[in-house]
Amino acid sequence: KHRIIIAVDGFSSCGKSTFAKAIAARLGYIFIDTGAMYRAVTLYALEHGAIRSGIVDEEAVVKLLDRISITFRFNPERGASDIYVNGDLVEGKIRTIEVSNCVSRVSAIPEVRRKLVAMQQEMGRRRGVVMDGRDIGTVVFPDAELKLFMTADTAVRACRRYKELTGKGMSVTMEEVERNIRERDKADMSRAVSPLRQADDAIVLDNSHMSVDEQMAWFMNEFQLKM
Ligand code: C5P
């Protein structure tokens, strides 16, 4: 059977990962969360002095890059892969508001993108992957057979992310979450290297008022049209 690459790009906190993971489970494909990779580099930079008081020292981040080895290992309980940095499981540490507040500055560094994009291309070499991020359909796999661009109302997104974070016991306010989403969208769209933008051949999905089941029904229809 012919296996393809499905690129899922879009704004922050639109449920890209949730949806991409569900698609991968449905099709028996591998799900790759590229945001987790940028977050893992950011966490490492925070823990190794390359980010202090929220200020990102770009040169220091670039110097750390050779010391960062990112790997994924499938976790059957989550039905997705956990991310490891130099063999340490960091899955539970990369979604804090501290990491979220710095990740867009780290992901704008060209050397960081070069390293992670090369890894992502290697992971998709045999096709059969659903990859979610910001530049998958435009830069990582411009030849992806199916490209989705996800969006939702900012208030809906903030509410979802707030529930997710507080549900994990993190203490954040709705204002903080909404500010972070707006700032990341703006930074991700306006950076010089691989800015977030919709690929010309992407299909837009606004899921503000859709359940995951409804999104899946929509997706299977699009998928069958392609195959
Ligand atoms: O997807 P997630 O919100 O976890 O991504 C975190 C950040 O990583 C984004 O705000 C963006 O700055 C960066 N990112 C990126 N390119 C990707 C995936 C994520 O620049 N392909």
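Start at 1 and go down the list; that is how both ligands and their atoms are numbered. These numbers come from the heavy atoms of this one structure, side chains and all, not from hydrogens, waters or symmetry mates.
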A.B. asks: Look at atom 6 (C) of ligand 1 and say which protein heavy atom is nearest, naming residue and atom and giving the distance to 0.1 Å.
C.D. replies: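 In this structure, atom 6 (C) of ligand 1 has Arg184 NH1, 3.4 Å as its nearest protein heavy atom.
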A.B. asks: Charged N to carboxylate O below 4.0 Å: is that the case for Asp135 and Arg191?
C.D. replies: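 No.
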A.B. asks: To which protein heavy atom is atom 2 (P) of ligand 1 closest, and what is the distance rounded to 0.1 Å?
C.D. replies: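 Here the closest protein heavy atom is Arg134 NH2, 3.6 Å.
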A.B. asks: Would Gln120 count as a contact residue for ligand 1, given that I'm defining contact as a non-hydrogen atom of the residue lying under 4.0 Å from a ligand atom?
C.D. replies: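 The answer is no, since Gln120 has no heavy atom less than 4.0 Å from ligand 1.
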A.B. asks: For atom 16 (N) of ligand 1, what's the nearest protein heavy-atom neighbour? Residue, atom name and distance, please.
C.D. replies: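 Ranked first by proximity to atom 16 (N) of ligand 1 is Arg113 NH2, 3.0 Å.
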A.B. asks: Indicate yes or no: does Lys168 engage Glu164 in a salt bridge with an N to O separation below 4.0 Å.
C.D. replies: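 Salt bridge flag = yes for Glu164 with Lys168.
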A.B. asks: Go through the steps to decide whether Ser12 and Arg182 satisfy the test side chain to side chain donor-acceptor pair (under 3.5 Å), and finish with yes or no.
C.D. replies: CA-CA 8 Å; Ser12 299; Arg182 284 186 196 282; over 6 Å; no
A.B. asks: Looking just at side-chain N and O atoms, do Arg127 and Tyr29 make a donor-acceptor pair shorter than 3.5 Å?
C.D. replies: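 Checked: Arg127/Tyr29 side chains show no N/O donor-acceptor pair below 3.5 Å.
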A.B. asks: When Ser100 is tested against each of Arg161, Arg39, Arg95 for side chain to side chain donor-acceptor pair (under 3.5 Å), which residue passes?
C.D. replies: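 Passing option: Arg39.
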A.B. asks: Just distances here: any N/O of Arg95 and N/O of ligand 1 closer than 3.5 Å?
C.D. replies: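 No.
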A.B. asks: Checking a contact table here: which protein heavy atom is nearest atom 18 (C) of ligand 1, and how many Å away?
C.D. replies: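 The protein heavy atom lying closest is Thr34 OG1, 3.3 Å.
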A.B. asks: Any N or O of Tyr38 that comes nearer than 3.5 Å to an N or O of ligand 1?
C.D. replies: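 The answer is no, given that Tyr38 and ligand 1 share no N or O pair closer than 3.5 Å.
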A.B. asks: Do Phe149 and Phe11 have ring centres separated by under 6.0 Å?
C.D. replies: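 Ring centroids of Phe149 and Phe11 are less than 6.0 Å from each other.
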A.B. asks: Can you list the atoms of ligand 1 that are under 4.0 Å from a heavy atom of Ser107?
C.D. replies: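 Heavy-atom distances to Ser107 below 4.0 Å select 11 (C), 12 (O), 13 (C), 20 (O).
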A.B. asks: Backbone, side chain, both or neither: what part of Arg191 comes under 4.0 angstrom of ligand 1, heavy atoms only?
C.D. replies: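 Side chain only.
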A.B. asks: Should the proximity of Met37 to ligand 1, defined as any heavy atom under 4.0 Å, be assigned to the side chain, the backbone, both, or neither?
C.D. replies: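 No part of Met37 is near ligand 1 at this cut-off.
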A.B. asks: Just checking, any donor-acceptor pair under 3.5 angstrom between side chains of Asp213 and Ser211?
C.D. replies: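 Ser211 and Asp213 do not have a side-chain donor-acceptor pair below 3.5 Å.
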A.B. asks: Is Glu122 paired with Arg125 through a side-chain N to carboxylate O contact shorter than 4.0 Å?
C.D. replies: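 Yes, this pair counts.
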A.B. asks: Do other residues, nucleotides or ligands put more than 12 heavy atoms under 6.0 Å from Arg3 CZ?
C.D. replies: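 Yes, enclosed.
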A.B. asks: Any idea which atoms of ligand 1 are less than 4.0 Å away from a heavy-atom of Asp188?
C.D. replies: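 Those qualifying, in numeric order: 9 (C), 10 (O), 11 (C), 12 (O).
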A.B. asks: Looking at ligand 1, does any of its N/O atoms fall within less than 3.5 Å of an N/O of Ser104?
C.D. replies: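 Yes, since at least one N or O of Ser104 sits under 3.5 Å from an N or O of ligand 1.
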A.B. asks: Could you tell me the residue and atom name of the protein heavy atom closest to atom 4 (O) of ligand 1, and the distance to it rounded to 0.1 Å?
C.D. replies: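 Scanning the protein heavy atoms, the shortest distance from atom 4 (O) of ligand 1 goes to Arg39 NE, 2.6 Å.
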